[in-house]
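What you see below is based on every heavy atom in this structure, not just the backbone, and it leaves out hydrogens, waters and symmetry mates. Here is how names work: the chains are called A, B, and so on, in the same order as the sequence lines, proteins then strands, and each is numbered from 1. Quantities reported herein were computed from a predicted structural model and do not represent experimental measurements.
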Amino acid sequence: MTVSYEHRLLFRHEGPLDMEVLPPIVQHLDKLLAQEGVRPPLRRKIISCLIELAQNIIHYAARHDQMVPLITLSRTDEGIVLITRNAVYYSQELFLHSYLQNLTQMSREELEALHHQTLVSGSYSDSGGANLGLLQVIYKADRFEYELTPVEGEYSWFTVKATFLTKSHE
Amino acid sequence: MSDLTTSEKLVIEPTFTTPEIVFDPGNRQFYLRGNSYPENSVKFYGPVLEWLSRFVQNHVPTSESLTLEVHLEYFNTSTAKVLLDLFRYFEALQEKGQPVQIRWLYLAEDTEMEDAGLDYQAAVKVPFELVPLHEDQA
C-alpha cells in the first residue's frame with residue numbers, strides 16, 4: 001500500500017489521541033465534509049469509520065513517545081480517503097494480520113453474517129468494545145487496505161487506508 | 001435499592017459523545033437522542049440497563065403501549081451491541097404482558113442507519129418500526 005500525499009489533503013492530525021481530542025475532530029470533519037459537498041449518508045459512513053478506527057487507537061495502540069497516531073482525510077478523483085496509523089506491539093501485529101487477512105477475504109454476505117452473530121452473541125472486550133470496529137470499516141468502505149510495518153524492536157506501524165467512492169453516492 | 005415507581009424517572013443529559021436519555025414512565029416517554037460513542041459503552045450504559053432491569057421487575061402492565069424512540073446520529077459498534085441488550089428489556093416487558101414498541105428514527109436517505117434498524121428488527125421480538133425522516137426533520 002502506498003500512502004500518497006499527492007491528493008488534496010483535507011485534514012491531518014498527528015499527535016496523541018484520546019476522548020478529549022476525538023469529539024472536536026469528529027465535529028470538524030463533519031462540517032468539512034459537508035462543505036466539500038459530501039452527502040449525509042456518505043458523510044455518516046466516513047465519520048462512523050473514523051470513530052471506530054480512532055477508538056481502536058485509543059483502546060489498543062501501543063504507547064510510544066515518538067510513534068504518535070496519525071489521521072488524515074484526503075480528496076481524490078474517485079472519492080474520500082481516510083488513513084489512520086498507529087504503533088502496535090509485535091504480539092498485536094500477529095493477531096491483526098491473521099484477523100484482517102481472514103476478514104478481507106470474506107464476501108459481503110459473510111461479513112454481514114459475522115457482524116450479526118457478533119452483535120447478538122459476541123462478548124465485550126475489557127475496554128467495553130464489541131469487537132466489531134474493524135469488521136464495520138471493512139464492510140462500509142468501498143476499498144480497505146492495511147499495512148503492518150516493523151519499525152524497531154517490539155513495535156510496528158499499523159496503517160489503515162479506507163477509500164469511499166463519491167460516485168456511488170451521487 | 002428503592003422500588004421503582006411511576007414517578008421515578010431516568011434523565012441523562014446529552015454530551016457530544018453520549019445521547020440524551022429520558023425514561024419517564026409517568027409521562028410514558030422513553031427515548032435516546034443524539035450521538036453515542038462513549039469511550040466505554042458498557043460503563044456508560046450500565047446505569048441505564050440497571051434502571052431498566054428494576055423497571056421491568058417492578059412494572060405493573062397496563063393496556064397502553066410503551067414506546068421507545070431511538071434517534072441516533074453517530075453511534076459506535078459497542079453502542080450497537082448495548083442497544084440490543086437494552087431492547088431485550090423491552091422484550092421482557094412484553095413477556096410480562098405490557099404492550100411495547102420500538103421506533104427507530106433515521107434520515108430517509110441514510111441506508112446504513114436503515115440497515116442497522118433492519119438488523120434490530122430481525123433480532124428483537126417486539127414490534128419494531130423504522131421511521132424515515134426527511135433532512136429538515138432529522
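Grouping the Ile, Leu, Val, Met, Phe, Trp and Tyr side chains by contacts below 4.5 angstrom, directly or via other members, places A/Val68 apart from A/Val88. Following chains of ILVMFWY side-chain contacts shorter than 4.5 Å, one cannot reach B/Val126 starting from B/Tyr31, and the two form parts of different hydrophobic clusters. The hydrophobic cluster containing B/Val70 also contains B/Phe23, counting ILVMFWY residues as joined when their side-chain heavy atoms lie under 4.5 angstrom apart, directly or transitively. In the hydrophobic clustering of ILVMFWY residues, with side-chain heavy atoms under 4.5 Å counting as a link, A/Tyr89 and A/Ile58 come out apart. Side-chain heavy atoms closer than 4.5 Å link hydrophobic residues (I, L, V, M, F, W, Y) into clusters, and following such links, possibly through other members, connects B/Val42 to B/Val48.
When all heavy atoms of B/Lys81 and A/Thr118 are compared, the closest pair comes out as NZ-O, 3.4 Å. Nearest heavy-atom pair across B/Phe16 and A/Pro23 is CE2-O, 3.5 Å. Of all heavy-atom pairs between A/Met19 and B/Pro38, the closest is CE-C, 4.2 Å.
Without hydrogens or angle criteria, A/His59 side chain to B/Asn40 main chain gives no donor-acceptor distance under 3.5 Å. Proximity of a side-chain donor or acceptor of A/Gln55 to a complementary backbone N or O of B/Tyr37 within less than 3.5 Å is detected.
Note that the OG1 atom of B/Thr17 and the CD1 atom of A/Ile51 stand 9.5 Å from one another [nearest 0.5 Å]. In this structure, CD in B/Glu39 is found 8.0 Å from CG in A/Asp18, a value given to the nearest 0.5 Å. Between the CD atom of B/Glu112 and the NZ atom of A/Lys45 there is a distance of 4.5 Å, given to the nearest 0.5 Å. How far CD of B/Glu73 is from CZ of A/Arg44: 4.5 Å, rounded to the nearest 0.5 Å.
Of the two parts of B/Asn35, neither the backbone nor the side chain holds a non-hydrogen atom closer than 4.5 Å to a non-hydrogen atom of chain A. Neither the backbone nor the side chain of B/Phe87 comes within contact range of chain A; no heavy atom of the residue lies under 4.5 Å from a heavy atom of that chain. Contact of A/Gln27 with chain B is made through backbone and side chain together, with heavy-atom distances under 4.5 Å.
Of the residues listed (A/Gln136, A/Glu52, A/His115), the one engaging B/Thr77 in a side chain to side chain donor-acceptor pair (under 3.5 Å) is A/Glu52, and it is the only one.
No more than 12 heavy atoms of other residues, nucleotides or ligands sit less than 6.0 Å from atom NZ of A/Lys31. When the shell of 6.0 Å around OH of A/Tyr99 is examined, it contains more than 12 heavy atoms from other residues, nucleotides or ligands.
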